[in-house]
Amino acid sequence: MLGAHCLAGNLICWDEMDLELPQLLRTRKIQHEIMSAYDDLPKAYDASSVEDAIYEMWERSGAFQPQGDGKPFCVMMPPPNVTGVLHLGHAFEDAIMDTIVRFQRLRGRKTLLVPGTDHAAIATQAKVEKILMAEGMQNPRKELSREQLHEKIRIFAETSKSTILSQIRKVGTSCDWTRLAYTFDDARSRTVNELFIRMHADGLIYRGYRVVNWSVKGQSTCSDDEIVYVERQSKLYTFKYSKDFPITIATTRPETKLGDTAVAVHPADKRFSAFIGKTFTIDIGARKPLEIKIIADEEVDPSFGTGALGVTPAHSAVDFAMYERQKAVGDPIDIIPVIGTDGRMTEEAGIAYVGLSVEEAREKFVGWLRSQGLLEKEEDIMQNVGTSDRYGDVIEAIPLTQWWLDVNKEIPGRGKNLRDFMREAVTTGLDGDSVKKVTITPDRFTKLYLDRVEHLHDWCLSRQILWGHRIPAWYHETKNVFKDDHEGEKVLCQAIIISIEKPICKHCGAEYIQDPDTLDTWFSSGSWPFSTLGWPLTRVLFVRHGQAHSNLEGFIDDRIDNPKNPLTDTGRDQIVEVAEHLVKEGAVRIIASPVLRTKQTAEILAEKLKIPLLFDDRLREIGLGKYDGGSEEVFGVARGSTKEWISGKTVDTIESYKNLKTRADGFMDDLLKRYAGKTIIVVSHGDVISTMGAYGTDESWLASYPKNGGYLLRTYGNDGRVNTDLQTFFPTTWMQMGYEILYLWLMRMILMSTYALDDIPFGDAYIHGILRDKEGKKFSKSSGNGIDPIKVIDQYGCDALRVSLLLGVSPGNDSRYYTEKTESGRNFVNKLWNISRFILSIIPTEGAGSSQGDLLADVRSGIETKSLADQWIMVRIDVVIASVTKKLEGYEFSSASEELRDFTWGDLADWYLEIAKIEQGKEVILRSILQTILKLWHPFMPFVTEHIWKIAGFDGQLIIAEWPNVVAKSSYSVAFGMPEDTEDMTLRSFDILRLLITDLRRLRAENGVESTKQILFAIVAPDDIQKLLEENMEIVKTLARASSVKFVGSIVDDWATTVSGATTVGLDLSGAIDIKKEKAKLSKEIAETEEYIVTTGLKMKNVEFMTKAPTRVKETMEKKYGEANMKLQALKERLTKLE
RNA sequence: GGACGUUUAGCUCAGUUGGUUAGAGCGUUCGGUUCACAUCCGAGAGGUCGCAGGUUCGAAUCCUGCAACGUCCACCA
């Protein structure tokens, strides 16, 4: 198998985990031999040749599944809509999410990232209809049956889904595929139905006739959040209904005036007070003359327009509210719909208007007003018009009967309404419990969220599209029928029943028809944080019957009514006792095997617990065949061991395991479907319970076998499997989303979770900005600026894309994407590759395969470090570990990766590795550094790091390695037995060295000395610095390319110089120096330094500064001040010498 | 009409309790066939942190006002 995955050049063998030990050892040996030839590693890292294999390895090894006993860290992937393929915005989200998740996994948290997709109801249906229409259909909803159209959409969605899922893999997202979810699968349906039923039972969901947002094009309602407001030029018409009507009104929608039933004025407006309460009959062409009542309403703004408002309850949400207020005070006005769902005028609008579009009707009506001399004014105004976000047409206000969620109604038993929950969740914490608080990052969105909560209206849940969760409501005509057994007494059939299954009318033969509408897509996305974890949980208590005579006497019995085999007295006592335990479980039903002993058991329970009892044949005792009535012992021998029986070896006339399992599973399927979210008691026999108990899990569960009168509790999730996820992972830890869906999604998730589970959906909500193109435009199909993330990955590699997306972003702010960023990311990935290549060429290859554990810890605890550079890099890496850890904990991706890059490229590659070419014996340190930076980089660049990890021969998989320990600042010096401030001293000393080398390099660059030429430097330095330089002379000479460096008292006049601190460096140009230029340079530097000294000196003399500034600031300033003074002195000395 | 965001080097952006002489990437200039890397190495240039006030020993950072750009919200018919 080696060859199959041994990818040319990028040596790696993934198949180890499948190999037996001898094979493994052999493979390792070959692998090791190949890897010894590090020179063969290609100069450039080739991402495309390894990424897929690495992902496959991770997935197959189970690394994506939660592991260990760490504190759970759970993230739900925001499910992409199955309306198409992933775009860069998704890749951006995945990068953020996966970085966090990988970091936490390395830190040892029990980490779970659940992948999933969203059926995106209206968006998907709109998309498919558009495609069908492009293919020539006029009206897909008419030309296809409901089933046919549904199937077309389903196929589209499935195709899109599978593309999306493969893309999620491509971007390296480390999610647990065994928990894959879809907002429209069976499990999520159970969640949705359960929520709907509970909310309805609590009176929060109601059916009401109200003005809704209606898209004519989409032929469906939509919620307030699905409206996009567009500013448009329109006309404000001022007119009177008739010559003798006393009040002039203004409107932008004259055609709706055909449905006016009132004129509203402000109660305090004296101009109109005389008319309030009066009714005028006018004829403006509607089907019937209109009865216009003058009403007073606080909402009317007396200063706007004419100060009077024509009220059209049917076609304006504001007016509808007035209509309701009038009704509430017992002074009702009429409601007349004049626009239909087809966007055309109704019969109520009158013979002249019926069938016209609103635009046509408007023109006609305005024409009529004009001809009658009723139109007083016509002015242009700018107006916000609501349009459908999916269909793009203007949203009409139309009164319809729909399903609503009441956000203001007090929830029974909770003392609060949904808005209270939503508010508390982000402020005090739910019910004042600060643990149940959602922290929104950045914080400013909390304010926006709260503002929105205050303005929240009831949520219209029903949609007239077919792609979505069907509303679990059933209707049939209400009619009076004669009751069967009470001659002459009439009963009313129930018109509406909320139920998942089709109900049967108790009174008549008429069928119930399910509501054709579907639920708003956000109803299912709102429950995502817990629908993915299995809610609602169904608890099943499997009770084994009490002791029967057969148990006592040792015979077996599968007959239903064997009079010789009732419960014994002991058996009855057992059940009475178990009933006492079960009473607190809150079971709603008992389902039992009809066999006498279980029947009796169940009857005792039903009586004690006062809950209904049903029987189900599938719970009957295992079929005993010819052994029925015989001895238990004989049967046992005939059946053989449980294992044999399960494997199907048992023959004879005994019921097979397969058969038993089929009926047990069938029973459980039905139970979980019908009683989702409830607690049910199932009374049956030993083997049957054992088989059912294994439902939704593996067969090892078959071992569970309660004694007579004993019971077994199993908790099942919405997917019908034994569930512990909800308890372990809810509330989830972290959630992210773009700010554009803050209202749509965040609010609804909080609403649903607080309602259903009395808890927050997640602790942290991280809000990110929108990814834009180079010009700052949103990526969209219509502007044709879309970039396929997969193409980018193919070209540059996934790691390159990920870092380029994360660098330079900050929470809540938009960021721009352009390929140069990814190029730069690719360059860095390659840099890391080459750093590794270099280190691997130095460290002894024999040790590569046997690297054990945390190498950094080894170095920390006891290596004899020799050089300044060694000490410096170890101090630096500790600082970087601490800082990167802290930043990632605070979700500062950009800053963390920037710091890491600076360390890796700057400190490590440019300095330490260059020094490693000069100084010897760095194998141990280099290996530990390589291991550490691979860990630190892994969250950002998972593939290349894992790949190098393997090549370097580090233990196991990097993805589940251990994050480097953050050590206290002094631990390093302690390890070396040095004074506490060793770190600072080390950093400072190395900085001096580094600065000097840079000075030397600059000096030669400025003076045009070829970089290859070995030259002579002279240095004037204080003793301590001279000592430092002498100790590191090889480094100075090599890195500055000096043939020799000598220490002198002063520099020869005609040498070029540069001054830093107290040190002056001279370069022998053999008299070829421009004295004038040199003097000018010195003067300029003197001026700058003097200015600094003056301002800083003033600051330091300032009493207030000295008393108020923190010591840290003062110390730094004093140090700098001293250095500047030394520098100034050296500069002046040099200048005097030249003069 | 409200609210929020942005304004820092030529471009794209970091800059988390106010504290060294403000940073990065890209671009740009100069010099490099250094045996890990030209997807590279070395050295530079480039900013009065949108404007005007204020608070403070000290402001890119806090406050006030203004401007430009952007986004969201609102039932002004």
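Quick caveat, the model's predicted, so the values are computed rather than measured. Order of the sequence lines sets the chain letters (A, B, ...), proteins ahead of strands, with each chain counted from 1. The figures that follow rest on heavy atoms only: side chains count, while hydrogens, waters and symmetry mates do not.
Annotation: A:Y237 is not in aromatic contact with A:F365 [ring centroid separation under 6.0 Å not met].
Nucleic acid contact for A:K447: sugar-phosphate only, since backbone atoms but no base atoms lie under 4.0 Å from a heavy atom of the residue. Residue contacts for A:A1124: at a heavy-atom cut-off of 4.0 Å it reaches no nucleic acid atom on any strand shown. The residue A:D910 sits close only to the backbone: its heavy atoms come under 4.0 Å of sugar-phosphate atoms, none of a base. Using a 4.0 Å heavy-atom criterion, one finds that A:R444 contacts the sugar-phosphate atoms exclusively. Heavy atoms of A:A1109 sit under 4.0 angstrom from at least one base atom. A:T998 comes within contact range of the sugar-phosphate backbone alone, with a heavy-atom separation under 4.0 Å but no base atom that close. Counting non-hydrogen atoms under 4.0 angstrom, A:R253 reaches nothing in the nucleic acid. Among the heavy atoms of the strands lying under 4.0 Å from A:K821 are primed sugar atoms or P, OP1, OP2 only; no base atom is included. Backbone-only engagement by A:S810 is indicated by non-hydrogen atom pairs under 4.0 Å involving sugar-phosphate atoms exclusively. Residue-level contact check: A:E740 touches neither bases nor backbone, having no heavy atom under 4.0 Å from any strand. Residue A:N1102 is in sugar-phosphate contact alone, with no base atom involved, counting any heavy-atom pair closer than 4.0 Å across all strands shown.
Side-chain atoms of A:R826 come within donor-acceptor range of the base of B:rU39, with a qualifying N/O pair under 3.5 Å. You'll find a donor-acceptor pair under 3.5 Å spanning the side chain of A:K831 and the base of B:rC37, going by distance alone. Between the side chain of A:E299 and the base of B:rA77, no donor-acceptor pair under 3.5 Å is found.
The nucleotide whose nearest atom lies closest to any side-chain atom of A:R1002 is, among B:rG15, B:rA43, B:rC37, B:rA43. For A:K43, the side-chain atoms get nearest to B:rC37 when compared with the rest of B:rA43, B:rA14, B:rC37. Between B:rA43, B:rA36, B:rU6, one nucleotide has an atom nearer to the side chain of A:N813 than all others, and that is B:rU6. Nearest nucleotide to the side chain of A:F1105, out of B:rG19, B:rA77, B:rC37: B:rG19. The side chain of A:K917 sits closest to B:rA36 out of B:rG19, B:rU12, B:rA36. Side-chain atoms of A:N827 lie closest to B:rU39 of the nucleotides B:rG5, B:rG42, B:rU39. Distance from the side chain of A:K1120 is smallest to B:rU20 among B:rA74, B:rU12, B:rU20. Comparing B:rA3, B:rU21, B:rG25 by their nearest atom to the side chain of A:L448 picks out B:rA3. Closest approach to the A:T251 side chain among B:rU20, B:rA77, B:rC37 is made by B:rA77 (side chain taken as heavy atoms from C-beta onward). Considering only side-chain atoms of A:I835, the nucleotide from B:rU20, B:rA36, B:rU56 that sits closest is B:rA36.
Across the C1' atoms, B:rU33 and B:rA38 are found 10 Å apart, a figure rounded to whole Å. The gap from the P atom of B:rU55 to that of B:rC72 amounts to 39 Å, rounded to the nearest Å. Between B:rG15 and B:rU20, the distance separating the two C1' atoms is 15 Å to the nearest Å. B:rG1 sits 32 Å from B:rA60 when the C1' atoms are compared, rounded to a whole Å. The C1' atoms of B:rU56 and B:rC62 are separated by 10 Å, rounded to the nearest whole Å. Taking atom C1' on both B:rC30 and B:rC35, the two are 26 Å apart, rounded to the nearest angstrom. Nucleotides B:rG27 and B:rG18 have their C1' atoms positioned 33 Å apart, rounded to a whole Å. Rounded to the nearest Å, the gap between the C1' atom of B:rU29 and that of B:rU34 is 23 Å.
Nucleotide B:rG65 is matched to B:rC51 when pairs are restricted to Watson-Crick or G-U wobble geometry with both distances under 3.5 angstrom. Across the strands present, B:rC76 finds no partner; the criterion is a Watson-Crick or G-U wobble pair with both atom distances under 3.5 angstrom. When both pairing distances are held under 3.5 Å, B:rU28 makes a Watson-Crick or G-U pair with B:rG44. Across the strands present, B:rC57 finds its partner in B:rG19; the criterion is a Watson-Crick or G-U wobble pair with both atom distances under 3.5 angstrom. Across all strands shown, B:rC4 is found opposite B:rG70 as a Watson-Crick or G-U wobble partner, with both distances under 3.5 Å.
Cation-pi geometry between A:R1001 and A:W911 is satisfied (NZ or CZ under 6.0 Å from the ring centre, within 45° of the ring normal).
Per the geometry, CD1 belonging to A:I440 stands 16 Å off P belonging to B:rC4, to the nearest Å. Distance A:R1004 CZ to B:rG31 C1': 10 Å, rounded to the nearest Å. As a whole-Å value, the separation of A:Y1092 OH from B:rG58 C1' is 13 Å. Whole-Å rounding puts the A:I249 CD1 to B:rC76 P distance at 18 Å.
Place A:M1106 and A:G808 on RNA chain B by their nearest nucleotides, and A:G808 ends up nearer the 5' end. Where A:S895 and A:A308 meet RNA chain B, the nucleotide closest to each residue was compared, and A:S895 sits on the side nearer the 5' end.
Using a 4.0 Å cut-off between a side-chain N of Lys or Arg and a carboxylate O of Asp or Glu, A:D773 and A:R816 do not qualify as a salt bridge.
Taking the six-membered ring for Trp and thresholds of 30 and 60 degrees, A:F940 and A:W937 have ring planes more than 60 degrees apart, a perpendicular arrangement.
A donor-acceptor contact closer than 3.5 angstrom links the side chains of A:S223 and A:E226. Remark: the A:Y796 side chain and the A:N827 side chain contain no N/O donor-acceptor pair separated by less than 3.5 Å.
A:A262 and A:Y241 get closest at one heavy-atom pair: O-OH, 4.1 Å.
Within the structure, a side-chain polar atom (N or O) of A:W905 is placed less than 4.0 Å from OP1 or OP2 of B:rC41.
Taking a 6.0 Å sphere around NZ of A:K235, one finds it holds 12 or fewer heavy atoms contributed by other residues, nucleotides or ligands. For A:E1090, the CD atom is densely surrounded, since the number of other residues' heavy atoms within 6.0 Å is greater than 12.
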